[in-house]
Amino acid sequence: MEFTAGQIADFIKGRVEGDMNAKVHTFAKIEEGIPGAISFLSSPKYAHFLESTEASIVLVDDSIKIDKAVKPTLIFVENARDCVARLLQLYSSAIPRKQGISDKASIATSAKIGKNAYVGPFAVIGEGAVIGDNAQIYPNVYIGDGVKIGDNVKLYPNVVIYYGCCLGNNVTIHAGSVIGADGFGFAPTANGYDKIPQIGIVTIEDDVEIGANTCIDRSTMGSTYVRKGVKLDNLVQIAHNVDVGANTVMSAQVGIAGSTKVGEWCMFGGQVGIAGHITIGDKVFLGAQSGVPGSLKSNQQLIGTPPMEKIPYFKSQALFQKLPELYKQINQLQKDIEELKKKNK
């Protein structure tokens with residue numbers, strides 16, 4: 001697929017400086033630009049790459065002034081980063097969808113598959129499963145008995161959906177993720193640990209995207225919920241009976257313990273850990289590696305363990321580095337005080 005500078009400018013409402021007929025067929029970072037690629041420039045500190053990049057077209061923020069002639073065709077826009085995102089969406093939507101049901105797939109006779117679905121080789125679809133229209137079920141996916149899947153769902157290779165779980169429309173789950181494995185429920189006894197049966201399900205609402213090798217556990221009873229618009233990165237762990245609010249996003253290696261309720265529009269950095277049986281309010285922003293032992297109110301930006309506001313946290317970290325020297329000073333002051341006491345006796 002090729003697009004000219006003129007076509008791109010019309011689509012994103014940009015202003016062309018250079019060859020209107022310059023053509024591109026791929027994307028590249030400006031420092032790695034190659035002929036036929038489109039790049040972008042949204043920060044003046046990277047403007048020097050315009051002199052060396054081989055990219056054919058570069059999108060440039062209107063706020064950046066280019067004082068010398070450059071080789072690429074430039075398209076000036078209000079926000080180059082946003083425009084690249086729109087172009088990537090257009091490019092992705094133009095990639096042909098896979099079609100057809102492989103004769104190497106194993107599909108139960110009682111399963112129902114919607115129109116225009118793709119089911120790849122060695123995928124397994126269990127008894128009573130219902131799959132909506134335009135589904136993309138890649139090779140080696142396992143869909144258990146009684147699973148319900150909406151329209152336009154995409155399940156990449158080796159995704160596992162355990163029995164009874166429900167997925168809404170426009171859900172994407174990347175390779176290796178497991179939805180509906182047993183929650184970590186065990187009762188200690190004199191002889192060890194008795195397993196508590198996990199008889200609930202996982203419910204994933206519309207417009208959710210889940211990264212590779214993420215695990216969302218089924219509930220003990222009822223359902224674990226991932227609400228509409230949630231985006232989870234790779235290697236995220238959502239425990240049993242957790243309820244993740246709409247439009248919340250989590251970076252890699254976040255872990256949320258059982259029965260915790262997370263609000264809407266939250267953002268969690270990498271390796272955030274959240275204790276069980278607590279409530280996190282709406283629009284809570286947690287910095288990477290924060291550890292949360294208790295409930296948090298809405299509209300907070302926090303970091304650390306236990307989490308605190310950013311400025312006090314960074315001040316505390318600065319003081320922490322000075323502790324060895326402060327400790328020496330305190331010891332010396334203590335000795336000085338003892339000497340003064342002896343002299344005044």
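Every value quoted in this text rests on a predicted model; they were computed, and no experiment measured them. All values below were derived from every heavy atom in this structure, side-chain atoms included, with hydrogens, water molecules and symmetry-related copies excluded.
Rounded to the nearest 0.5 angstrom, Ser43 OG and Ile64 CD1 are separated by 6.5 Å. Atom OG of Ser106 and atom CD1 of Ile143 lie 11.5 Å apart (nearest 0.5 Å). Put simply, CD on Gln136 and CG on Asn116 are 10.0 Å apart, with the number rounded to the nearest 0.5 Å.
When side chains are defined from C-beta on, His174 counts as touching Glu209, because their heavy atoms get closer than 4.5 Å. Counting heavy atoms from C-beta outward, Val292 and Leu286 have side chains that approach closer than 4.5 Å.
Between Val254 and Gly269 the shortest heavy-atom distance is CG2-O, 3.3 Å. When every heavy atom of Cys165 is checked against every heavy atom of Gly180, the shortest pair comes out as SG-CA, 3.8 Å. Heavy atoms only, all atoms of each residue included: Asp243 and Arg227 are closest at OD2-NH2, 2.9 Å.
Here the two rings, on Phe3 and Phe11, have centers that are 6.0 Å apart or farther.
Ring geometry for Phe184 versus Phe186: interplanar angle over 60°, hence perpendicular rather than tilted (30 to 60°).
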- Message: For Glu54 and Lys71: C-alpha separation, side-chain torsions, deciding distance, then whether salt bridge (Lys or Arg N to Asp or Glu O under 4.0 Å) applies.
- Response: CA-CA 8 Å; Glu54 292 294 319; Lys71 183 179 177 181; 3.1 Å; yes
- Please lay out, stage by stage, how Val130 and Ile149 fare under the test side-chain contact (heavy atoms from CB on, under 4.5 Å). CA-CA 6 Å; Val130 178; Ile149 293 176; over 6 Å; no
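Both tests do not hold together for Arg86 against Tyr91: distance to the six-membered ring centre under 6.0 Å, angle to the ring axis within 45°. For Arg81 and Phe40, the positive end is not near the middle of the six-membered ring at less than 6.0 Å and at most 45° from its axis.
Residue Lys228 is tested with Asn247, Asp206, Asp207 for a side chain to side chain donor-acceptor pair (under 3.5 Å); the sole match is Asp207.
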